[in-house]
Structures are given as C-alpha cells and as structure tokens.
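Single-structure report; data block below.
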Amino acid sequence: MTLANNYDLLIRGGTVIDGTKAPRFTADVAVKDGRIVAVGALPAEARAAEVVDARGLIVAPGFIDSHTHDDMALLATDMGFKVSQGVTTVIAGNCGISAAPLKQAMDLPMPLNLLDAPAGRRHESFAAYLAQLRAQPAAVNVAALVGHSTLRAVTMAQLDRPANAEEITAMQAHVQEALDAGAIGLSTGTFYPPALAATTEEIIAVGEPLRARQGLYVTHMRDESSKVMEALEETFRIGRELGVPVVVSHHKVQNRPNFGRSQETLPFIRETMRRQSVCLDCYPYTAGSTMIRTDRGMLDGRVLIASSEPHPECAGRDLGDIAREWGVEESEAARRLQPGTAIYFLMDEADVQRILAFDDTMIGSDGIPLGDKPHPRLWGTFPRVLGHYSREVALFPLETAVWKMTGLTARNFGLAGRGTLAAGCHADIVLFDAATVRDAATYEEPTRPAEGIHRVYVNGHLAWSGGTHTGARAGQVVTRMPATRN
Ligand code: ZN
Ligand code: CU
C-alpha cells in the first residue's frame with residue numbers, strides 16, 4: 001500500500017528568507033508542478049516524491065542575475081557558473097549587445113564578438129532566438145533585452161556616424177519584432193565603439209516602440225568616469241522622453257580622480273527616482289571587465305588579460321608584464337592582444353560599498369562567460385554579496401542581500417511570480433548555509449565554484465546539489481509584466 005504523494009517536493013524545517021526583505025522565519029515549503037504551493041508549518045502526514053531536510057539552512061527564492069552576457073552560453077553551456085551560485089534567472093542582452101538579431105554572414109565588431117556567436121549558430125530574428133530557448137531549454141530562466149549595438153551592426157554599413165532616418169526605421173522594426181517576440185526592453189552601450197557615434201536623439205528614436213509596451217531602457221552609459229553625471233542626465237532624459245523605466249547598468253565611478261563621486265551620483269539617482277522610474281545594478285568588485293581597449297583611461301590601473309584571440313597564452317597575465325616582455329608600450333601590447341577581454345582595476349572599494357548598500361541597487365554579475373580566466377564575478381558575485389559583504393563586512397542584513405538579488409530585481413524587471421518565496425510563485429529555490437556561504441573564485445582562480453550553496457531548484461527541478469550540476473535544463477523564457485508602481 002502506498003500513500004498518495006501530495007507534493008512533488010517538500011523542503012522541511014528551513015529558515016525562509018522570502019525575498020521581500022521581511023525577517024526570516026521557520027517554515028516548510030511545498031512544491032507541485034513547478035510552483036510553490038504552500039509555505040508554513042505543514043502537517044507531519046504531508047508526503048512528497050522528494051523530501052529535503054533543510055534544518056540549519058536558509059531557503060530563499062532563486063537569485064536573479066540582473067546583468068549578464070549569457071545570451072549564447074544559455075544555449076551552449078550548462079550554466080554551471082550561475083547555477084552553482086544559486087542563480088535561477090538571468091537577464092541577457094545587456095550593454096547594447098544581444099545575440100539576436102544577427103546575420104549569419106556578417107563580421108561581428110568588438111565587443112559583439114564577445115558573445116561567442118559563430119556563423120551558423122546565429123539567430124536572424126529575436127523570435128528565432130527565443131524559440132530556440134523554448135525548444136532547448138537552458139538550465140536557468142532567461143529574460144532578454146535586444147541590444148542597440150547589435151541593431152546598429154545589422155542595419156548600418158558604417159558605425160562611426162549617427163544613424164540616418166532609414167536606418168532608424170529599420171532599427172525600430174527590429175525593436176518592435178523583439179518586443180513582439182518577448183524581449184523585455186532595449187539595451188544600449190554608447191561607451192563602446194559600435195554605438196559611440198549614436199546621438200541621444202538616435203537612441204530615443206530607436207527606442208520609440210518601447211513606449212507602448214512599457215519596455216525597459218537599460219544602459220551601459222556613455223561615461224562612468226569624469227562625465228558620469230552628464231551620462232546619468234542623458235540616461236534619465238531618454239527614459240523621460242520615452243516614458244519608460246530606466247536601468248543604469250553596473251553603476252560605478254572609475255579612475256582615481258573620480259573616487260568618492262558615488263556621493264554625487266547616488267543622491268542624483270535618488271532625487272530622480274521621485275520623478276521617474278529609475279533603478280540600478282552593481283557587481284561586488286573593484287575591478288571591471290570588458291573587451292581589451294587601448295585608450296589611456298582604461299589602462300590607468302592594473303590590467304589583467306582574461307582572454308585574447310591572437311595570444312591565448314596571455315590569459316591570466318598582467319598587461320604591464322606582457323608589454324615589458326615585448327618591449328612595447330601597454331597600449332601597443334593591448335592592441336596586439338585584441339580581440340579579447342581584460343580585467344581593469346579602476347574602482348575604489350568605498351564607492352563599491354556605497355553603491356551596493358544603496359537601497360535600490362540590485363545585484364548583477366556582468367560576468368563574461370568566455371575563456372578560462374574570466375573575471376571572478378562570473379562564478380562569485382552572489383555568494384560574495386551574501387558571505388563577504390553581508391556576513392563579514394556587515395554592509396546590510398542577509399534579508400536585504402537576498403532582496404537585492406530576488407524581490408527587488410523581479411519587481412524592477414516585471415518578472416511576475418519570480419523573486420519571492422510564497423505560495424503561487426514559480427519554484428525557483430535555493431538552499432544555502434548562511435554561516436559558510438562564500439565566493440571561492442579569485443582573480444587567480446576565477447572558476448572555483450562558490451561554497452555553501454546546497455541545493456538549487458529551477459521551476460521545481462533540482463539543478464544543483466552538493467556541489468554538482470544535475471544536468472537539469474528546466475529554464476523558461478520569462479517575459480515582462482509591467483508593474484504599476486506606487
Ligand atoms: Zn556594460
Ligand atoms: Cu555588461
């Protein structure tokens with residue numbers, strides 16, 4: 001005689017941090033058909049196909065990575081670098097760079113080549129990209145942005161000038177197609193060569209289809225250095241003129257003369273939030289990472305090569321050492337190492353902490369899943385916030401840390417039923433040990449999986465357990481449900 005299984009999964013006796021910033025509480029969590037169906041003290045007779053003893057562990061909503069470049073990795077990899085951190089949803093298509101739409105034959109200008117989208121594996125429409133993610137699900141959920149630089153590359157013969165009327169019309173059609181297919185918004189990266197020549201007016205025009213859908217405007221701003229305030233103004237203006245919410249990506253103030261200026265930017269952001277919808281994300285490191293650049297502003301501090309197509313043997317080495325060995329200037333060495341990626345030590349710890357601690361800052365990794373010496377943020381961001389910044393530095397309580405990577409993010413991106421651990425929500429769940437959770441990835445050993453992450457469920461399917469990927473690929477394509485903000 002067998003008792004009927006009431007639930008698919010029953011997580012017993014854990015300490016729930018529900019993603020709303022509410023204080024933790026002890027509860028059982030029951031899951032059925034990919035949804036959380038009960039949170040509370042469940043009767044001893046309750047049965048499930050899988051029962052997990054979570055005593056001593058935190059049970060939280062799966063983390064949402066608000067800023068990623070995982071567009072192609074979702075299809076090509078098991079996403080172990082994210083699942084191992086407790087991440088169950090990623091926002092793809094950031095910094096103006098999206099994997100769709102691309103033409104099979106075209107050359108990809110830097111930094112589009114960072115997507116690792118070889119000819120033959122490209123998607124010519126956003127609908128085709130999302131259709132493949134639905135047909136061959138990734139290990140995590142994904143909500144995707146369409147990238148302005150990608151659109152420039154597919155519609156413009158020359159990228160070093162503003163788009164003309166015809167090109168703008170073509171880009172608008174692509175934005176509309178992407179939104180119709182399920183994209184949640186448009187991203188830009190006017191910091192990068194393919195969009196450097198784009199004017200504010202061009203972006204407003206290209207973004208026009210966002211208005212009716214309340215799609216998001218998400219931006220790697222033109223300047224995160226001496227002109228950061230002007231860049232914020234431009235960003236807010238675009239959001240205002242389109243009447244849509246704005247996301248300031250990986251907010252930072254870089255280069256030594258600007259250290260401390262988060263004391264200017266954050267009050268400006270706070271003030272602007274009273275009049276229009278603005279949010280921001282941040283990664284918990286003082287070094288950034290992007291394509292190898294040769295401009296002096298980027299070569300200001302220590303530069304670590306993460307990957308190089310012509311010189312793969314240089315990955316993991318300092319640019320200064322390489323330049324000395326080659327007997328050339330650093331900018332010349334950088335030029336020879338292109339295309340590739342590097343890690344730039346250009347921020348001040350006090351700014352990073354101030355931005356992380358700012359009430360409305362979400363956590364986003366900005367990880368670049370390329371090569372074996374990536375920035376450690378790819379494998380370490382979320383446990384680093386939980387372990388280092390919340391537990392060790394005491395920058396904020398654990399409930400706030402979890403909120404910044406779950407409930408806040410789901411609200412800002414309009415991801416209905418995600419980011420909160422409550423009955424009715426999707427069963428994206430992470431079990432971790434508050435006392436031991438920590439990032440193990442370092443600049444030297446950047447692909448070491450985090451510690452203290454016990455189990456990770458994506459839509460009710462176990463994806464990570466005891467330090468191992470289960471191989472489950474239960475991720476869904478998530479679309480945006482514009483929130484009514486109060
Ligand atoms: Zn960026
Ligand atoms: Cu980015």
Side-chain angles (χ1 to χ4, degrees), residues 64-74 81-82 87 90-99 108-117 142-150 152-153 184-196 198 203 216-225 227-228 231-232 234-235 238 246-255 265 279-293 295 297-298 306-307 339-344 346-347 352 355 361-371 374-382 409 413:
I64 303 171
D65 190 342
S66 61
H67 188 106
T68 83
H69 296 285
D70 293 337
D71 305 42
M72 293 304 288
L74 286 159
F81 49 88
K82 292 294 164 69
V87 170
V90 301
I91 311 292
N94 280 285
C95 298
I97 309 160
S98 60
L108 298 187
M110 284 191 291
L112 266 60
N113 54 352
L114 300 186
L115 277 177
D116 205 13
V142 54
L145 301 157
V146 62
H148 170 242
S149 292
T150 293
R152 287 191 121 231
I184 61 168
L186 173 71
S187 76
T188 59
T190 38
F191 168 76
Y192 291 111
L196 215 52
I203 295 165
L216 298 159
Y217 174 63
V218 181
T219 183
H220 179 156
M221 301 192 300
R222 215 177 274 281
D223 194 294
E224 295 172 306
S225 183
K227 296 206 177 73
V228 64
L232 282 170
E234 180 189 31
T235 298
I238 293 167
V246 163
V247 182
V248 175
S249 294
H250 44 60
H251 183 46
K252 62 173 89 70
V253 283
Q254 62 187 25
N255 299 102
T265 61
C279 57
L280 67 159
D281 61 75
C282 181
Y283 51 79
Y285 297 87
T286 54
S289 178
T290 186
M291 58 184 265
I292 297 177
R293 303 199 44 141
D295 35 320
M298 293 299 284
S307 68
T341 51
I343 296 164
Y344 303 89
L346 290 172
M347 286 172 259
V352 172
I355 294 168
T361 302
M362 305 176 280
I363 307 304
S365 72
D366 200 10
I368 304 171
L370 206 61
H375 189 302
R377 65 195 184 185
L378 180 67
W379 287 81
T381 289
F382 294 83
T409 318
F413 283 89

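Atoms within each ligand, like the ligands themselves, are counted from 1 in listed order.
The atom name of the N/O/S atom in H220 closest to the Zn ion (ligand 1) is ND1. Distances from the Cu ion (ligand 2) to each N, O or S atom of D366 single out OD1 as the nearest. Atom NE2 is the N/O/S atom of H67 found closest to the Cu ion (ligand 2).
Aromatic ring pairs are classed by plane angle as parallel below 30°, tilted from 30° to 60° and perpendicular above 60°; the pair F191 and H220 is parallel.
The Cu ion (ligand 2) has no N, O or S atom of H250 closer than 2.8 Å. Residue H220 does not count as close to the Cu ion (ligand 2), with no N, O or S atom under 2.8 Å. Under 2.8 Å from the Zn ion (ligand 1) lies an N/O/S atom of H250, whether from backbone or side chain.
Screening T381, I355, I363, D366 against C282 for a side-chain contact (heavy atoms from CB on, under 4.5 Å) leaves a single residue, I355.
Here the angle centred on the Cu ion (ligand 2), running from NE2 of H69 over to SG of C95, is 110°, rounded to 10°.
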Side chain to side chain contact (heavy atoms under 4.5 Å, CB included) between I97 and L114, intermediate numbers included: CA-CA 9 Å; I97 309 160; L114 300 186; 5.6 Å; no
From CA spacing to verdict: side chain to side chain contact (heavy atoms under 4.5 Å, CB included), K82, L378: CA-CA 7 Å; K82 292 294 164 69; L378 180 67; 4.2 Å; yes
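L346 is not listed as a side-chain neighbour of E224, based on a closest heavy-atom distance of 4.5 Å or more. Counting heavy atoms from C-beta on, the side chains of P193 and R293 come closer than 4.5 Å.
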